[in-house]
Amino acid sequence: MGKTWATLGIDLHLEPTGPGLRRGLTDALRDAVRTGRLAPGTRLPSSRSLAADLGIARNTVADAYADLVAEGWLTARQGSGTRVAERPVAGPPERPAPHPPERGRLPYDLTPGTPDLASFPRTAWLKAARRALAAAPHDALGYGDPRGRVELRTALAGYLSRVRGVRADPERIVVCSGFAQGLKLLGEVLRDRGAGSVAVESYGLFVHWNILQRAGLRTVPLPFDDLGTRTDDLTGTPAVLLNPAHQFPLGGALRPERRAAVVDWARRTGGLVLEDDYDGEFRYDRQPVGALQDLDPDHVVYLGTASKSLAPGLRLGWMVLPASLLPEVLAVQRAGGWATGVLEQLTLAEFLTSGAYDRHVRAARLRYRRRRDALVAALASRAPEVRVRGIAAGLHAVLQLPPGTEASVIRAATWQGLSLQGLSAYRHPSATTRPLDALVVGYGTPPDHAWSGALEALCRALP
């Protein structure tokens with residue numbers, strides 16, 4: 001059966017009101033255009049199609065269209081149909097700028113957690129996506145293996161072994177939509193095993209602790225001293241969540257003797273170490289710290305992500321699991337119906353195997369190192385009392401402040417148009433470690449054009 005007028009129009013929701021169909025329809029259309037519900041350039045349904053949808057005469061619609069064309073709300077051209085005219089759309093009145101500015105509307109942003117999104121390699125990613133889609137077998141678009149596409153798992157196994165020292169078998173890799181989903185899966189497995197708690201670091205991300213707590217697990221903060229997180233006493237906990245290579249947010253690496261201690265604990269007790277390697281690609285002044293997983297693949301879950309190296313919006317992460325844990329994780333994943341987009345997986349696999357990922361990371365590493373160096377130099381010149389720590393790796397630095405000044409500096413930054421976060425925002429509510437006044441500065445966040453302005457605003461806000 002050929003196409004008819006009934007299949008050619010677009011859907012349009014209208015409720016004509018007021019006396020008379022023609023006037024009611026005209027008013028409804030005018031209001032939809034005035035408020036922006038029908039955007040400039042939108043092609044409207046044909047008069048015949050809209051008349052059929054509304055159950056009114058075609059001439060009524062045609063007359064309403066003609067009225068609005070005459071008023072300038074619509075345009076009608078032969079072969080182009082009837083469209084919404086290009087004209088300003090009335091929006092809500094602008095509010096006066098608050099004093100100080102609202103944090104969500106500040107022009108500069110040094111909050112940690114994201115890379116420079118403007119530097120995402122769009123052209124290279126698009127090329128990889130085209131090659132990956134062209135080469136993908138038809139069955140790749142089906143439901144497939146709950147672990148993820150074999151192309152990506154194989155590419156990840158080679159990359160992680162080469163770059164991070166991970167002992168990765170593609171069969172034991174599970175692709176997930178970011179670190180948070182991986183942690184949620186592991187939290188449910190631990191709960192089903194009867195675990196009551198997970199040890200965490202005294203400083204970290206509330207979102208991670210909340211994920212574990214929603215799975216029914218208590219989070220118990222580990223002691224922290226001048227050398228970093230202490231792992232000498234993990235008695236009574238079945239699992240521990242750590243950032244061994246680059247602690248977030250304080251920035252140090254877990255010391256060798258403490259790495260050995262946590263692995264020894266896992267072997268003796270059958271405990272599980274959850275290793276969050278969130279920014280393993282970005283090392284500047286020292287050799288990369290290898291993955292803890294290499295010391296004991298049977299007791300360490302390695303979790304990685306593309307959120308810092310590429311962009312969090314890709315929603316791509318991965319877990320390298322002990323063989324004994326794999327069936328339980330897959331059972332929870334199947335029950336939840338969680339899956340990661342196939343096209344993104346295939347594209348990342350192509351990005352890795354073609355060398356495009358390595359090229360992008362090397363370029364990003366140079367760019368972020370230059371920013372870090374500029375930050376350190378500016379602080380040395382303009383705020384020499386501020387101690388900078390955690391700068392050998394990653395995309396953020398910790399600026400230690402005089403006691404009692406963290407809140408006032410953040411307020412001053414807001415007045416300078418700068419969004420900042422203090423270290424106190426990352427402190428576990430049950431931590432016993434003495435609080436530190438500090439800023440967590442995400443120097444990877446701003447786009448290049450905003451970096452110098454953000455740095456200047458930071459220096460003006462510091463004591």
Asker: Return the orientation label for the His246 and His396 ring planes: parallel under 30°, perpendicular over 60°, tilted otherwise.
Answerer: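 Rings of His246 and His396: tilted, 30 to 60°.
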Asker: CG/Leu420 to CG/Leu110 distance, rounded to the nearest 0.5 angstrom?
Answerer: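 Nearest 0.5 Å value for the CG-CG distance: 5.5 Å.
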Asker: Tell me if a side-chain donor or acceptor on Arg149 pairs with a main-chain N or O of Gly144 at a distance below 3.5 Å.
Answerer: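 Not at all, since once roles are kept as given, no pair shorter than 3.5 Å links the two residues.
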Asker: Can you list the residues that meet the side-chain hydrogen bond (donor to acceptor under 3.5 Å, both in side chains) rule with Ser47, with sequence neighbours excluded?
Answerer: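 Listed in chain order: Arg58.
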Asker: Mind listing the closest non-hydrogen atom pair of Phe120 and Leu310 along with its distance?
Answerer: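 Nearest pair, atom of Phe120 first, then Leu310: CD1-O, 3.9 Å.
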Asker: Using the six-membered ring wherever Trp is involved, compare the ring planes of Phe179 and His208 and label them parallel, tilted or perpendicular (cut-offs 30° and 60°).
Answerer: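 Phe179 and His208: tilted rings.
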Asker: Rounded to the nearest 0.5 Å, how far does CZ of Arg267 lie from CG of Leu295?
Answerer: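 Going from CG on Leu295 over to CZ on Arg267, the span is 7.0 Å.
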Asker: How many angstroms lie between CG in Leu439 and CD in Glu406, if you round to the nearest 0.5 Å?
Answerer: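 Between atom CG of Leu439 and atom CD of Glu406 there are 6.5 Å.
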Asker: If you define the side chain from C-beta out and look only at heavy atoms, does anything of Thr114 sit under 4.5 Å from Pro312?
Answerer: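 Sidechains of Pro312 and Thr114: in contact.
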Asker: Taking all non-hydrogen atoms of both residues, which atom of Val220 and which atom of Ser197 are closest, and how far apart?
Answerer: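 Smallest interatomic distance, heavy atoms only, reads CG2-CB, 4.1 Å.
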Asker: Got a second to check how far Thr235's OG1 is from Trp265's CH2, nearest 0.5 Å?
Answerer: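 If we round to the nearest 0.5 Å, Thr235:OG1 and Trp265:CH2 are 10.0 Å apart.
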Asker: Is any side-chain heavy atom of Leu241 closer than 4.5 Å to one of Leu186?
Answerer: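 SC-SC contact between Leu186 and Leu241 ruled out.
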Asker: Would you call Lys127 and Ser354 a side-chain contact if the rule is heavy atoms closer than 4.5 Å?
Answerer: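 They are not in side-chain contact.
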Asker: How far apart are the C-alpha atoms of Asp277 and Tyr302, what are their side-chain angles, what is the distance that settles it, and do they pass the side-chain hydrogen bond (donor to acceptor under 3.5 Å, both in side chains) test?
Answerer: CA-CA 7 Å; Asp277 193 37; Tyr302 177 90; 2.5 Å; yes
Asker: So, the side chain of Arg83 versus the backbone of Arg77: is there a donor-acceptor pair under 3.5 Å, distance only?
Answerer: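 Pair absent, no side-chain N/O of Arg83 close to backbone of Arg77.
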Asker: Has the side chain of Tyr159 got a donor or acceptor atom that lies under 3.5 Å from a matching backbone atom of Thr353?
Answerer: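 Not a single qualifying donor-acceptor pair exists.
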Asker: Could you measure the distance from the CG atom of Leu321 to the CE atom of Met319? Nearest 0.5 Å is fine.
Answerer: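 Nearest 0.5 Å value for the CG-CE distance: 5.0 Å.
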Asker: Taking the side chain as C-beta and beyond, is there a heavy-atom pair between Arg153 and Val175 under 4.5 Å?
Answerer: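 Touching, per the 4.5 Å side-chain cut-off.
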Asker: With no hydrogens and no angle check, just 3.5 Å: does a side-chain donor-acceptor pair link Ser309 and Tyr357?
Answerer: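 The criterion, which ignores hydrogens and geometry beyond distance, is satisfied for Tyr357 and Ser309.
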Asker: For the residue pair Arg367 and Asp116, what are the closest heavy atoms and their distance?
Answerer: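 So the two residues come closest at NE-OD2, 4.2 Å.
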Asker: Quick check for you: to the nearest 0.5 Å, what is the distance between Trp73 atom CH2 and Leu38 atom CG?
Answerer: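 If I round to the nearest 0.5 Å, the distance is 11.5 Å.
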Asker: Can you confirm whether Pro446 sits close enough to Arg371 that some side-chain heavy atom of one is under 4.5 Å from a side-chain heavy atom of the other?
Answerer: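 SC-SC contact between Pro446 and Arg371 confirmed.
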Asker: Quick one, Leu436 and Arg389 - any side-chain contact, counting heavy atoms below 4.5 Å?
Answerer: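 Contact flag for Leu436/Arg389 side chains = yes.
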Asker: Write down the atom of Ala454, the atom of Tyr108, and the distance for their closest heavy-atom approach.
Answerer: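 Where Ala454 meets Tyr108 most closely, the heavy atoms are N-CD2, 3.6 Å.
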Asker: Can you tell me which residue among Leu250, Leu205, Val398 is in a side chain to side chain contact (heavy atoms under 4.5 Å, CB included) with Tyr426?
Answerer: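 Exactly one candidate clears the test, Leu205.
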Asker: Tell me, yes or no, whether the heavy-atom count around Arg162 atom CZ, taken from other residues, nucleotides or ligands under 6.0 Å, exceeds 12.
Answerer: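 Yes - once you tally the heavy atoms of other residues, nucleotides and ligands closer than 6.0 Å, there are more than 12.
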Asker: Main chain of Thr340, side chain of Gln345: is a donor-acceptor contact present, judged purely on distance under 3.5 Å?
Answerer: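 Yes.
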Asker: Look at Arg164 together with Asp294 and state whether they make a salt bridge at an N to O cut-off of under 4.0 Å.
Answerer: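 No.
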Asker: Search all heavy atoms of Ala157 against all heavy atoms of Ile173 and return the closest pair with its distance.
Answerer: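 That closest heavy-atom pairing would be N-CD1, 3.8 Å.
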Asker: With the side chain counted from C-beta on, respond yes when Leu50 and Leu44 share a heavy-atom pair under 4.5 Å apart, and no when they do not.
Answerer: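 Not in contact.
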Asker: Salt-bridge test for Arg147 and Glu171: reply yes if a basic N is under 4.0 Å from a carboxylate O, no otherwise.
Answerer: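 Yes.
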Asker: For the side chain of Thr347 and the backbone of Ala128, is there at least one donor-acceptor N/O pair under 3.5 Å apart?
Answerer: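 No; zero donor-acceptor contacts below 3.5 Å.
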Asker: Can you see which heavy atom on Val263 is nearest to which on Leu292, and at what distance?
Answerer: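 Minimum heavy-atom separation between Val263 and Leu292: CG2-CD1, 3.9 Å.
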Asker: Are any non-hydrogen side-chain atoms of Ser119 and Pro447 less than 4.5 angstrom apart?
Answerer: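 They are not in contact (no side-chain heavy atoms under 4.5 Å apart), so the answer is no.
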